[in-house]
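Here is the structure we will look at.
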Amino acid sequence: MLLEETLKSCPIVKRGKYEYFIHPISDGVPIVNPELLREVAIRIIKEVDFENIDKMVTAEAMGIPLVTTLSLYTDVPYVIMRKREYKLEGEIPVHQETGYSKGQLYLNGIEEGDRVLIVDDVISTGGTMIAIINALKRAGAEVKDIVCVIERGEGKKIVEKKTGHKIKTLVKLDVKDGKVMIL
Ligand SMILES: O=P(O)(O)OC[C@H]1O[C@H](OP(=O)(O)OP(=O)(O)O)[C@H](O)[C@@H]1O
Ligand SMILES: Nc1nc2[nH]cnc2c(=O)[nH]1
């Protein structure tokens with residue numbers, strides 16, 4: 001499959017000590033081909049019962065092409081957790097920490113009782129997923145399902161243990177000696 005094939009040859013750069021892989025789905029560079037985006041969206045659709053989902057939630061930035069594509073296929077609307085504050089009534093700020101960055105994410109547009117699918121491109125340390133789940137909890141939403149395209153490291157296990165939510169992923173990888181290895 002295209003996702004696995006393209007990951008195997010993708011470049012790695014250092015962000016501090018963190019070996020960061022660069023791929024169209026997780027970075028939007030060097031170029032996003034529609035065949036790859038379509039494959040990923042269809043693989044996600046096969047994993048989720050969209051009949052039971054009111055809204056999708058993702059984090060800025062690289063969840064955006066994923067939820068956009070999924071929304072066009074399923075007619076389910078989406079909310080993007082932004083790194084910028086809007087000061088809208090009811091906006092929920094949460095702290096986000098990844099393997100290489102720290103900041104805030106802001107949730108808008110979710111109402112109590114909303115049945116939510118969380119979508120993201122990567123889960124690594126799990127810091128972003130914890131932030132998203134915390135914000136949704138504070139909004140009173142019901143997290144129905146979680147899908148991340150790429151899994152690396154222990155983040156998935158950590159978040160599952162901490163929150164009790166199961167996380168579905170399409171591909172698991174490790175970065176070793178400057179190379180991506182599909183597990
Ligand atoms: O499991 P974690 O260690 O939290 O890493 C996963 C997060 O890292 C990336 O986002 P990033 O904050 O780099 O933003 P970007 O989408 O703008 O690249 C990715 O899109 C995930 O949201
Ligand atoms: N593109 C990309 N996104 C990430 N998010 C968390 N880790 C990574 C990584 O290594 N590469």
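Atoms within each ligand, like the ligands themselves, are counted from 1 in listed order. Values in this document were obtained by computation on a predicted structure and should not be read as measured data.
- By the 4.0 Å heavy-atom criterion, G126 is counted among the residues contacting ligand 1.
- Protein heavy atom at the shortest distance from atom 4 (C) of ligand 2 is Y100 OH, 3.5 Å.
- The backbone and the side chain of S26 each have at least one atom closer than 4.0 Å to an atom of ligand 2 (non-hydrogen atoms only).
- Checked by distance only, ligand 2 and V122 stay at 3.5 Å or farther apart across all their nitrogen or oxygen atoms.
- For ligand 1, the polar-atom distance check against Y20 finds no nitrogen or oxygen pair separated by under 3.5 Å.
- Among all non-hydrogen protein atoms, the one lying nearest atom 7 (C) of ligand 1 is T128 OG1, 3.4 Å.
- No N or O atom of A59 sits closer than 3.5 Å to an N or O atom of ligand 1.
- The N/O atoms of H23, backbone and side chain alike, include none that comes under 3.5 Å of an N/O atom in ligand 2.
- Using a 4.0 Å cut-off between heavy atoms, M62 makes no contact with ligand 2 at all.
- The shell of residues lying under 4.0 angstrom from ligand 1, judged by heavy atoms, excludes M129.
- In terms of protein heavy atoms, atom 12 (O) of ligand 1 is closest to Q96 NE2, 3.1 Å.
- Considering both main-chain and side-chain atoms, K83 comes within under 3.5 Å of ligand 1 through a nitrogen or oxygen pair.
- Remark: minimum distance from atom 22 (O) of ligand 1 to any protein heavy atom is reached at D120 OD2, 2.6 Å.
- The single protein non-hydrogen atom nearest to atom 3 (O) of ligand 1 is T125 OG1, 2.5 Å, given as residue, atom name and distance.
- At least one donor-acceptor pair under 3.5 Å links the side chain of D54 to the backbone N or O of R115.
- Per-residue contacts place R152 under 4.0 angstrom from the following atoms of ligand 2 (heavy atoms of the residue considered): 9 (C), 10 (O).
- Ligand 2 has at least one atom lying under 4.0 Å from a heavy atom of D27.
- Of the protein's non-hydrogen atoms, V122 O, 3.3 Å is the one closest to atom 6 (C) of ligand 1.
- Between R15 and ligand 1, no N or O atom pair is found at a separation short of 3.5 Å.
- Residue, atom and distance of the protein heavy atom nearest to atom 10 (O) of ligand 1 are Y100 OH, 4.0 Å.
- Regarding atom 20 (O) of ligand 1, its nearest protein heavy-atom neighbour is D121 OD1, 2.5 Å.
- Under the 4.5 Å side-chain heavy-atom criterion for Ile, Leu, Val, Met, Phe, Trp and Tyr, Y100 and I123 are members of distinct hydrophobic clusters.
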